[in-house]
Structure formats: C-alpha cells, structure tokens
Amino acid sequence: MAKNKKYYVVWNGKTKGVFNNWGDCKKNIDGFQGAQYKSFTSKEEAEIAFTKSYNDYKGVNTQKPVIDKALLAKIGQPNINSISVDAACSGNPGLMEYRGVNTQTKQQLFIQGPFKDGTNNIGEFLALVHGLAYLQKAGKFELPIYSDSRTAIAWVKAKQCRTKIMPNEHNKILYDLIKRGEKWLQENTFKNPILKWETKVWGEIPADFGRK
C-alpha cells in the first residue's frame with residue numbers, strides 16, 4: 001500500500017516554507033540549531049500552519065487534518081454518489097496527467113497522460129470535460145462531479161481553457177485535446193452539477209494522485 005502524502009512546514013531552518021517531500025525538508029533542517037518543523041497530511045493545513053507559530057503545533061498530532069468544525073457544519077459532507085477528478089503535473093509546465101474516480105470507492109474510471117508541456121490547470125480542465133463526457137455517455141445525466149480547482153471549474157463554465165501556455169512542437173497532442181474539449185463544451189449541454197471539493201474540510205480529493 002502506498003504511503004499517505006505528507007507536507008512539511010519549516011518554521012525555523014536554512015529556508016523556511018512548506019515542502020512537499022521529506023528530502024527537501026531534511027536539507028533545510030540538517031545541522032540547523034533550533035530547527036522547527038512538522039509534517040501534515042494536507043497541503044492546505046500545512047500552508048495554514050506556516051502562517052502561525054510552531055508553538056501552536058508543538059506536541060499536537062498533525063497526522064490527521066485539523067477539521068474546521070464550523071465550516072464543516074456549514075458545508076456538510078460531500079455527496080459520495082458522484083465522481084471526482086484531479087490532475088498532477090511535474091513542473092510548470094511539465095509532464096501532466098489527469099484522471100477520474102468513483103468518489104465513494106476511489107475506483108479509477110479514466111486516466112490520460114502524461115502529456116508534455118502541460119500545467120495542472122490544463123489537466124484539471126481536461127479532467128472535468130472528460131468527466132462530463134464520461135457521465136453523458138454512461139447516461140448519468142445528473143450525477144455530480146467534483147474538482148478541487150476553482151480555476152478549472154470557471155474555465156469549464158466559460159467553455160474555454162484560458163491557459164497562457166502557448167502551443168509548441170512538444171504539446172501539440174495536448175492542445176488538440178484542449179480544442180476538442182472546448183468544442184465538446186460548445187456543442188453539448190449537461191445537467192451534471194460541477195462542485196468544488198472542499199479540501200480544507202474533507203481532506204484530499206479522492207482522485208488525488210498523492211504526489212503534488
């Protein structure tokens with residue numbers, strides 16, 4: 001079984017910040033007197049922790065995301081009768097891939113990539129369009145689809161991928177997919193609710209690749 005993804009906050013070290021792997025964290029605390037650091041299970045919680053003091057987390061178990069109970073009461077639980085999509089990109093731009101899963105079971109429904117010279121936002125956009133087309137083909141015309149990207153949700157609603165990455169010899173296949181996605185949005189209507197996955201409250205989206 002794959003290990004859960006961790007994010008590391010360094011409050012006091014050679015370089016302060018939030019790191020997405022132990023190696024980078026270790027480089028900044030090794031040999032540093034009085035180093036202050038801690039691991040978290042979600043990027044959002046780590047970023048919040050970095051704005052606060054190390055003393056706020058000293059002795060606290062951070063291996064479970066700190067749930068904002070007030071926000072949870074307001075938002076409620078996610079609709080598990082849905083699908084979830086996500087993208088991963090190594091570099092910006094870099095190798096990008098995306099996928100969709102059953103929100104409840106995490107069963108993978110589709111996956112595409114990796115594509116050269118992509119971005120996470122492009123991947124999130126394509127994942128949403130692919131998810132909508134998948135649901136239409138399956139006859140699930142009102143099943144919700146979750147994404148943790150506000151940008152991608154806005155692009156889909158605008159029926160346009162508003163990336164600033166220009167087409168080149170390396171990303172021609174990717175740009176062809178973008179144009180196909182935009183064309184599909186312009187030619188099709190759908191009733192499937194596109195919902196924002198509230199990572200801060202629910203943890204990582206089920207489609208997460210676990211290597212952000």
Side-chain angles (χ1 to χ4, degrees), residues 1-30 32 35-80 82-92 94-109 111 119-121 123-124 127-128 144-153 195-212:
M1 178 179 287
K3 293 183 179 179
N4 291 331
K5 177 72 177 178
K6 291 184 180 180
Y7 298 87
Y8 301 86
V9 176
V10 176
W11 287 275
N12 195 25
K14 297 172 185 174
T15 301
K16 301 176 183 179
V18 176
F19 303 91
N20 62 9
N21 64 81
W22 170 242
D24 287 344
C25 175
K26 191 171 185 292
K27 289 177 185 177
N28 287 294
I29 61 174
D30 273 358
F32 191 93
Q36 297 176 337
Y37 63 97
K38 209 164 186 70
S39 65
F40 295 83
T41 55
S42 81
K43 184 178 181 181
E44 284 73 15
E45 185 58 26
E47 289 175 343
I48 291 171
F50 184 59
T51 67
K52 299 180 180 181
S53 166
Y54 168 73
N55 290 328
D56 292 330
Y57 294 89
K58 188 175 181 179
V60 175
N61 179 6
T62 57
Q63 294 314 294
K64 290 184 178 181
V66 177
I67 300 300
D68 187 327
K69 293 183 179 179
L71 192 57
L72 178 59
K74 179 181 179 181
I75 295 175
Q77 297 290 346
N79 182 353
I80 59 174
S82 61
I83 72 170
S84 299
V85 299
D86 198 24
C89 191
S90 58
N92 188 37
L95 284 176
M96 179 278 292
E97 56 189 320
Y98 69 82
R99 68 173 181 162
V101 305
N102 179 303
T103 301
Q104 182 176 21
T105 66
K106 296 186 180 181
Q107 175 192 2
Q108 184 166 279
L109 305 175
I111 185 169
T119 67
N120 200 63
N121 283 336
E124 299 274 8
L128 272 176
I145 179 170
Y146 279 101
S147 169
D148 61 7
S149 171
R150 295 186 189 280
T151 298
I153 293 173
L195 306 176
K196 172 68 171 63
W197 182 268
E198 300 294 344
T199 309
K200 182 179 178 182
V201 181
W202 302 329
E204 295 291 354
I205 193 167
D208 181 59
F209 282 84
R211 53 180 187 270
K212 290 180 180 177

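This chain uses plain numbering: 1 for the first residue, then up along the sequence.
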**Complete:** One should read off an interatomic distance between Asp148 CG and Leu195 CG, to the nearest 0.5 angstrom, of 12.5 Å
**Message:** If we ignore hydrogens and angles and just use 3.5 Å, is the side chain of Asn28 paired with the main-chain N or O of Asp24 as donor and acceptor?
**Reply:** yes
**Prompt:** Under 3.5 Å, side chain of Thr103 to main-chain N/O of Ser82, donor-acceptor pair present?
**Reply:** yes
**Item:** Any side-chain heavy-atom pair of Lys38 and Val9 under 4.5 Å
**Value:** no
**Request:** Report the residues that fulfil side chain to side chain donor-acceptor pair (under 3.5 Å) with Asp30, sequence neighbours left out, ordered by chain and then residue number.
**Result:** Lys26
**Asked** Got a second to check how far Thr51's OG1 is from Asp56's CG, nearest 0.5 Å?
**Response** 9.0 Å
**Asked** Below 4.5 Å, heavy atoms only, C-beta onward: do Ile111 and Glu97 meet side chain to side chain?
**Response** yes
**Prompt:** In Å and rounded to the nearest 0.5 Å, what is the OG to CD distance from Ser53 to Gln36?
**Reply:** 7.0 Å
**Asked** Considering all heavy atoms of both residues, which atom of Glu204 and which atom of Lys43 are nearest to each other, and what is their separation?
**Response** OE2-N, 3.9 Å
**is_close_aromatic(Phe19, Tyr37), centroid dist under 6.0 Å** = no
**Message:** Is any side-chain heavy atom of Ser149 closer than 4.5 Å to one of Asn121?
**Reply:** yes
**Prompt:** Are side-chain heavy atoms of Phe32 and Asn12 found at a separation under 4.5 Å?
**Reply:** yes
**Request:** Answer yes or no: does atom NZ of Lys16 have more than 12 heavy-atom neighbours from other residues, nucleotides or ligands under 6.0 Å?
**Result:** no
**Heavy-atom pair with the smallest gap, counting every atom of Tyr146 and Ile205** = O-CD1, 3.7 Å
**Asked** How close do Ser147 and Glu124 get, heavy atom to heavy atom, and via which atoms?
**Response** OG-OE1, 3.7 Å
**Request:** Evaluate the ring planes of Tyr8 and Trp22, with Trp represented by its six-membered ring, and classify them as parallel (under 30°), tilted (30 to 60°) or perpendicular (over 60°).
**Result:** tilted
**Asked** Measuring from Lys14:NZ to Ile29:CD1, what's the distance to the nearest 0.5 Å?
**Response** 9.5 Å
**Message:** Quick one: does any side-chain atom of Arg99 pair with a main-chain N or O of Ala207 as donor and acceptor, under 3.5 Å?
**Reply:** yes
**Request:** Verify the ring-centre separation between Phe50 and Trp11: is it less than 6.0 angstrom?
**Result:** no
